[in-house]
Asker: 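My questions all concern the structure below.
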2 protein chains.
Amino acid sequence: MQTTPAATEHATPADICSAPPRRHPRPDGQDRYTISEVVAFTGLTAHTLRWYERIGLMPHIDRSHTGQRRYRNRDLDWLDFVTKLRLTGMPVADMVRYAELVREGEDTYAERQALLESTRRDVLNRIAELRDTLAVLDRKISFYATEGTTR
Amino acid sequence: MQTTPAATEHATPADICSAPPRRHPRPDGQDRYTISEVVAFTGLTAHTLRWYERIGLMPHIDRSHTGQRRYRNRDLDWLDFVTKLRLTGMPVADMVRYAELVREGEDTYAERQALLESTRRDVLNRIAELRDTLAVLDRKISFYATEGTTR
DNA sequence: AGCTTGCTTGGAGTGCACTCCAACGCCATA
DNA sequence: TATGGCGTTGGAGTGCACTCCAAGCAAGCT
């Protein structure tokens, strides 16, 4: 494991460019959270959090002296990002791939960029499809609304 | 094997986003299609079409004198709608529920409207989430773009 | 007549993303 | 010292949405 201060500074290079708006406010100045706190912040289950770690979707999580997980703010940032990726419908395997690239360091910037750009295109397509669907729904809803009231 | 140019046309995923409305035009004036024609129109597999019928997501499909399915235009319309609902992430069970309401006739207009309105809210939320995700992706992508070129 | 193609069925299998289980450890409070 | 609460693990189980299989039938072509 890397333990140099430099490594700590940009331990997860992905985090440098992320300043996410927080939906689950974290206590200020704290940087060690139990798994149940993370459950409360993220809405994920403890099972899922452990499973993410097992499959390599999470970096190694710090442990207390008794072996319990202590999540740090950068882990929560990463979880926020993963949750967003999941919402796009990206398969977990692809997210794991991205996580691997992050672990491999700066040499993978280009590949990470390509991966995210492909995801970006997927998201745009998905939004377009959803807007299409919305139009169909609106048409049907207004049909039911008028038919329901005029008879 | 199919040798139509259409098969070649949608080989590249890039074309998908430039072909929004009807990717598989139906022949004019026809109203009886074999299962394999419907496969070509919808992109669903024959397995899935039969499964949809078994679980009650499709109405009873007409049969030829030999017992083979003959889909009609209204069946294709229904499949288009189902496909849109599926894109919203609606569980199949909910779609089956809607199909049941349709079979039960006009008395269920109000309930159908409520169901679609709830779906509509889901779709709007989903679009908002995706836009959020898009913002995050753009931030990261531009980070990788500048970092990748400046070093 | 023989062969190929397309379609039929019920039931079993697959892949994904969790989700749960049993057995156990640590530790604070009563 | 005991009880409750929170945490740990590997492995097995679950639910969803397909997906495939084997065996068979009917029609069309040579």
Side-chain angles (χ1 to χ4, degrees), chain A residues 30 32-58 60-72 75 78-79 81-99 119 122 126 129, chain B residues 1-4 7 30 32-58 60-72 75-76 78-79 81-99 119 122 126 129:
Chain A
Q30 197 183 327
R32 289 172 74 80
Y33 309 93
T34 65
I35 199 165
S36 60
E37 285 172 314
V38 178
V39 165
F41 294 152
T42 62
L44 299 167
T45 70
H47 297 299
T48 301
L49 287 169
R50 288 192 273 258
W51 179 65
Y52 278 0
E53 199 176 332
R54 254 207 308 240
I55 65 175
L57 183 52
M58 294 292 294
H60 245 72
I61 303 298
D62 289 352
R63 299 299 178 117
S64 72
H65 70 104
T66 59
Q68 299 190 351
R69 288 172 182 79
R70 291 294 177 263
Y71 289 81
R72 313 194 57 174
D75 300 321
W78 175 253
L79 278 171
F81 180 55
V82 161
T83 298
K84 287 211 177 310
L85 287 185
R86 199 182 42 149
L87 285 175
T88 70
M90 179 187 277
V92 168
D94 290 3
M95 294 192 255
V96 171
R97 174 75 189 131
Y98 184 80
T119 303
D122 292 346
R126 195 159 199 81
E129 287 169 347
Chain B
M1 282 297 288
Q2 295 193 17
T3 52
T4 63
Q30 197 182 326
R32 289 171 74 80
Y33 308 93
T34 66
I35 200 166
S36 60
E37 284 172 313
V38 178
V39 165
F41 294 152
T42 62
L44 300 167
T45 71
H47 297 297
T48 301
L49 287 169
R50 289 192 273 258
W51 179 66
Y52 278 0
E53 199 176 332
R54 252 204 312 236
I55 64 175
L57 183 52
M58 294 293 294
H60 246 70
I61 303 297
D62 288 352
R63 299 299 177 117
S64 72
H65 68 104
T66 59
Q68 297 189 353
R69 287 173 183 79
R70 292 294 178 264
Y71 289 80
R72 313 194 58 174
D75 300 321
L76 296 189
W78 175 254
L79 278 171
F81 180 54
V82 162
T83 298
K84 287 211 178 308
L85 287 185
R86 200 183 42 150
L87 286 175
T88 70
M90 179 187 278
V92 168
D94 290 3
M95 294 194 254
V96 170
R97 173 77 189 129
Y98 184 80
T119 303
D122 292 346
R126 198 160 199 82
E129 286 170 346

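Chain naming here is simple, since letters A, B, ... match the order of the sequence lines and numbering starts at 1 in each. Note that the structure is predicted; figures quoted are calculated from it, not measured.
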Asker: Figure out the CD1/C1' separation between B/Ile55 and C/dG11, and round it to whole Å.
Answerer: 16 Å

Asker: What about A/Arg54, does its side chain sit under 3.5 Å from the base of D/dG10 through a donor-acceptor pair?
Answerer: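 Under the 3.5 Å cut-off, the side chain and the base do form a donor-acceptor pair.
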
Asker: Under 30°, 30 to 60°, or over 60°: which ring-plane class applies to B/Tyr33 and B/Phe41, parallel, tilted or perpendicular?
Answerer: perpendicular

Asker: Nearest heavy atom decides the nucleotide; on that basis, is A/Arg70 or B/Thr66 closer to the 5' end of DNA chain D?
Answerer: A/Arg70

Asker: Ignoring backbone atoms, establish whether A/Thr45 has a side-chain N or O less than 4.0 Å from OP1 or OP2 of C/dC18.
Answerer: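 So the side chain of A/Thr45 is outside the cut-off, no N or O lying under 4.0 Å from OP1 or OP2 of C/dC18.
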
Asker: Between B/Glu53 and A/His65, which has a closest nucleotide on DNA chain C that is more 5'?
Answerer: B/Glu53

Asker: Can you tell me which nucleotide in D/dC6, D/dC18, C/dC7 comes closest to the side chain of B/Ile35?
Answerer: C/dC7

Asker: Ignoring backbone atoms, test whether A/Arg86 places a side-chain nitrogen or oxygen under 4.0 Å from the OP1 or OP2 oxygen of C/dC18.
Answerer: yes

Asker: Rounded to whole Å, please give me the gap between CH2 in A/Trp51 and C1' in D/dA12.
Answerer: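 For the pair A/Trp51 CH2 and D/dA12 C1', the rounded distance is 15 Å.
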
Asker: Within the structure, does a side-chain N or O atom of B/Arg69 lie under 4.0 Å from either OP1 or OP2 of C/dT9?
Answerer: yes

Asker: Does a side-chain N or O of B/Tyr52 approach OP1 or OP2 of D/dA17 to a distance below 4.0 Å, or not?
Answerer: no

Asker: Quickly work out the B/Tyr71 OH to C/dC7 C1' distance and round it to whole Å.
Answerer: 11 Å

Asker: Tell me, do A/Tyr52 and A/Trp78 make a side-chain contact under 4.5 Å, heavy atoms counted?
Answerer: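 No, side chains not in contact.
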
Asker: What integer distance in Å separates A/Leu49:CG from D/dT9:P?
Answerer: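 Between P of D/dT9 and CG of A/Leu49: 12 Å.
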
Asker: Name the one of B/Val38, B/Asp62, B/Ile35 that satisfies side chain to side chain contact (heavy atoms under 4.5 Å, CB included) with B/Arg69?
Answerer: B/Ile35

Asker: By nearest atom, which of the nucleotides D/dG7, C/dT19, D/dC18 is closest to the A/Gln68 side chain?
Answerer: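 Nearest to the side-chain atoms of A/Gln68, counting from C-beta on, is D/dG7.
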
Asker: Can you see if the side chain of A/Arg63 gets near the phosphate of D/dT9 - specifically, an N or O under 4.0 Å from OP1 or OP2?
Answerer: yes

Asker: Would you mind telling me which of B/Thr34, B/Leu49, B/Thr42 makes a side chain to side chain contact (heavy atoms under 4.5 Å, CB included) with B/Tyr71?
Answerer: B/Leu49

Asker: Measure from CG on B/Leu79 to C1' on D/dC18 and round the result to the nearest Å.
Answerer: 15 Å

Asker: Should B/Val92 and B/Leu57 count as side-chain neighbours, where that means a heavy-atom distance under 4.5 Å?
Answerer: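 Yes, side chains in contact.
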
Asker: Can you measure A/Arg32 atom CZ to D/dC6 atom P for me and round it to whole angstrom units?
Answerer: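 The answer, rounded to whole Å, is 19 Å.
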
Asker: Please compare B/Thr34 and B/His47 by the position of their nearest nucleotide in DNA chain C and report the one closer to 5'.
Answerer: B/Thr34

Asker: Separation of A/Arg50 atom CZ from C/dC18 atom C1', in whole Å?
Answerer: 13 Å

Asker: Roughly how many Å is it from CG in A/Leu87 to P in C/dA17, rounded to a whole number?
Answerer: 13 Å

